[in-house]
Amino acid sequence: RYGEITAESVDGSVRLVYTVRQKADRYYQPSDIRTALMDLYASTGGEQWTRNDNWGSDLPLSEWYGLSVDNGVVTYVRLSNNNLTGELPRSIGVLSEVYGGVQLGDNNISGRIPMGMFQHENVYLSNNQIESIESPDDPSDVRTVSLHLEGNRLSGALPEFFADAPVLQYVDLENNLFSGSIPASYTSLIAQDRRLYLNRNNL
């Protein structure tokens, strides 16, 4: 769930909006996290990654390449520019406990972004070969605050759910293949001082 706190000067010249989020009471066992990480490894050609130190081993996750761990909890997955090739697994949503974010930019990831990806606070998938986005059933379930999808092969109409995702503050869709009209609902992104980048498309 989420709420907003608005602070405005008496004369209305300055207005600040703060978004407060509370995650759902969801918990995954450590074994679930390891399984989801290995799904990512298997579906994106982990054996051919540039660096895959200790992935799949019994060593603590803090010793697996690209993982940041705090008190036993994975806080970030950083695998940018690491020769990931293939599609993202549906189990990527299990990694929602990775509250910091997932950095998978500058790779060769293709196919569709599963809706589970939008359980992560910061998503970096720029400069891949991704072709489509699976829309979540309910936009209010989107936990992503910052979304980087520039430099992919996304096409068709712009996704409507971005405008209805309450916590989404930054959306970069530059340098894709989107076409058609910009949805009228996107004006709400601008009205709420959220950041939206649509340069270099076919709109």
Side-chain angles (χ1 to χ4, degrees), residues 23-24 26-137 141-156 159 168 170-177:
K23 283 191 175 183
R26 182 182 300 179
Y27 175 74
Y28 291 103
Q29 296 290 334
S31 59
D32 297 330
I33 302 297
R34 280 182 177 257
T35 298
L37 287 168
M38 289 309 298
D39 286 348
L40 175 63
Y41 181 86
S43 65
T44 58
E47 293 184 359
Q48 305 303 319
W49 289 358
T50 304
R51 294 279 306 274
N52 59 9
D53 313 21
N54 298 324
W55 276 71
S57 72
D58 293 330
L59 292 171
L61 295 180
S62 59
E63 298 186 37
W64 290 24
Y65 174 78
L67 302 186
S68 296
V69 179
D70 183 15
N71 292 322
V73 178
V74 179
T75 58
Y76 234 109
V77 177
R78 292 184 173 91
L79 295 170
S80 298
N81 194 24
N82 199 45
N83 197 37
L84 276 68
T85 302
E87 299 188 12
L88 295 170
R90 297 195 64 81
S91 59
I92 198 80
V94 175
L95 298 178
S96 61
E97 297 298 312
V98 182
Y99 58 83
V102 178
Q103 291 186 353
L104 304 177
D106 299 296
N107 284 294
N108 294 304
I109 297 170
S110 58
R112 171 175 286 197
I113 300 174
M115 59 184 178
M117 179 60 77
F118 299 110
Q119 295 298 300
H120 300 282
E121 186 167 329
N122 299 292
V123 175
Y124 299 88
L125 287 169
S126 53
N127 301 317
N128 278 286
Q129 302 294 320
I130 297 168
E131 298 163 347
S132 62
I133 300 171
E134 183 178 7
S135 299
D137 297 328
D141 290 336
V142 173
R143 297 181 180 182
T144 304
V145 174
S146 181
L147 178 62
H148 299 257
L149 297 178
E150 63 272 23
N152 278 282
R153 301 190 58 79
L154 296 166
S155 62
L168 192 57
Y170 182 102
V171 182
D172 194 337
L173 302 174
E174 292 182 288
N175 196 24
N176 276 285
L177 302 172

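Side chains of V123 and V102 form no contact here, defined as non-hydrogen atoms less than 4.5 Å apart. Taking the side chain as every heavy atom from C-beta outward, W55 and L67 approach each other to under 4.5 Å. When side chains are defined from C-beta on, F118 counts as touching I113, because their heavy atoms get closer than 4.5 Å. Taking 4.5 Å as the limit, every side-chain heavy atom of N107 sits out of range of all side-chain heavy atoms of T85.
Under a cut-off of 6.0 angstrom, the local environment of CD in Q48 is sparse, with at most 12 non-hydrogen atoms contributed by other residues, nucleotides or ligands.
Residues passing the side chain to side chain donor-acceptor pair (under 3.5 Å) test with S155, sequence neighbours excluded: none. Scored by the salt bridge (charged side-chain N to carboxylate O under 4.0 Å, His left out) test, R90 finds E134 as partners (sequence neighbours excluded).
Interatomic distance, N83 CG to T50 OG1, rounded to the nearest 0.5 Å: 5.0 Å. Taking CZ of R153 as the start and CD of E131 as the end, the distance is 7.0 Å to the nearest 0.5 Å. Here the CG atom belonging to D106 is positioned 4.5 Å from the CG atom belonging to N127, to the nearest 0.5 angstrom. Taken to the nearest 0.5 Å, the CG atom of L147 stands 10.0 Å off from the OG atom of S126.
Contact detail for S132 and L154: the closest heavy-atom pair is N-CD2, 3.5 Å. For the pair N122 and S146, the tightest heavy-atom approach, listed with the atom from each and the gap, is OD1-CB, 3.3 Å. Between Y65 and N52, the closest heavy-atom pair is CB-C, 4.4 Å. Between D58 and R34, the shortest heavy-atom distance links the atoms O-NH2, 4.0 Å. The two atoms that bring H120 and I92 nearest to each other are NE2-O, 3.1 Å, heavy atoms only.
Partner of L125 under the side-chain contact (heavy atoms from CB on, under 4.5 Å) criterion, out of H148, E150, M117, Q103: M117 alone.
Panel note: side chain N128, backbone N108; a donor-acceptor pair is recorded below 3.5 Å. Judged by distance alone, the side chain of T75 and the main-chain N or O of S68 form a donor-acceptor pair under 3.5 Å.
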Verdict with reasoning, L84 to L79, per side-chain contact (heavy atoms from CB on, under 4.5 Å): CA-CA 8 Å; L84 276 68; L79 295 170; 4.1 Å; yes
Output, in order, the C-alpha distance, side-chain angles, deciding distance and verdict of side-chain contact (heavy atoms from CB on, under 4.5 Å) for V74 and W64. CA-CA 11 Å; V74 179; W64 290 24; over 6 Å; no
Donor-acceptor list for residues 39-47 side chains, cut-off 3.5 Å, not counting sequence neighbours:
{"residue": "D39", "atom": "OD2", "partner": "S91", "partner atom": "OG", "Å": "2.7"}
{"residue": "S43", "atom": "OG", "partner": "D39", "partner atom": "O", "Å": "2.9"}
{"residue": "S43", "atom": "OG", "partner": "L40", "partner atom": "O", "Å": "3.4"}
{"residue": "S43", "atom": "OG", "partner": "E87", "partner atom": "O", "Å": "3.0"}
{"residue": "T44", "atom": "OG1", "partner": "L40", "partner atom": "O", "Å": "2.5"}
{"residue": "T44", "atom": "OG1", "partner": "W49", "partner atom": "NE1", "Å": "3.4"}

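No side-chain N or O of N152 forms a donor-acceptor pair with one of N176 less than 3.5 Å apart.
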